[in-house]
Amino acid sequence: MPVKCADGQDHGVVDRVDGEYIKLTRDDSGQHHWLPLSAVDHVDEHVHLNLSHEQVHQQWLSEDPHPEHQN
């Protein structure tokens, strides 16, 4: 499912819900990103965030937020 910020720009596609985060599919550079579920405003055919484009880039995580998933 595509993810859109409050500005209407695309921010990737949901890979899965991962605890309290949405894990996005890998971007063009092969990197996953995680966004907190609290950033979700509503869901229809897209996941709409309550964050602007700039806020998304400030708040998304580039490392798995779950230490138990790391080796």
Could you give the side-chain donor-acceptor pairs of residues 35-46 under 3.5 Å, partners two or more places apart or in another chain?
residue, atom, partner, partner atom, Å
D44, OD1, H46, N, 3.0
D44, OD1, H48, NE2, 2.9
D44, OD2, H48, NE2, 3.3

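Taking every heavy atom of both residues into account, H66 and D18 meet most closely at CE1-O, 3.2 Å. The minimum heavy-atom distance between H11 and V56, with the atom names listed, is ND1-CG1, 3.5 Å. Here the shortest heavy-atom pairing between A6 and S52 reads CB-N, 4.3 Å.
Here the straight-line distance linking atom NZ of K23 with atom NE2 of H33 works out to 12.0 Å at 0.5 Å rounding. Going from atom CD1 of I22 over to atom CH2 of W34 covers 13.0 Å, rounded to the nearest 0.5 Å. Atom SG of C5 sits about 7.0 Å away from atom CG of L49, to the nearest 0.5 Å. Rounded to the nearest 0.5 Å, atoms CD (Q55) and CG (N50) are 8.0 Å apart.
Put simply, L51 and L24 are part of the same group of oily side chains (I, L, V, M, F, W, Y) that touch within less than 4.5 Å, one to the next.
W60 meets the side chain to side chain donor-acceptor pair (under 3.5 Å) test with no other residue; sequence neighbours excluded. Applying the side chain to side chain donor-acceptor pair (under 3.5 Å) rule to Q58 yields the partners E54; only residues at least two apart in sequence or on another chain are considered. Checked against side chain to side chain donor-acceptor pair (under 3.5 Å), T25 has no partners two or more places apart in sequence or in another chain. Q59 meets the side chain to side chain donor-acceptor pair (under 3.5 Å) test with no other residue; sequence neighbours excluded. Scored by the salt bridge (charged side-chain N to carboxylate O under 4.0 Å, His left out) test, D10 finds K4 as partners (sequence neighbours excluded).
Counting only distance, with no hydrogens or angles, the side chain of D7 and the backbone of Q9 share no donor-acceptor pair below 3.5 Å.
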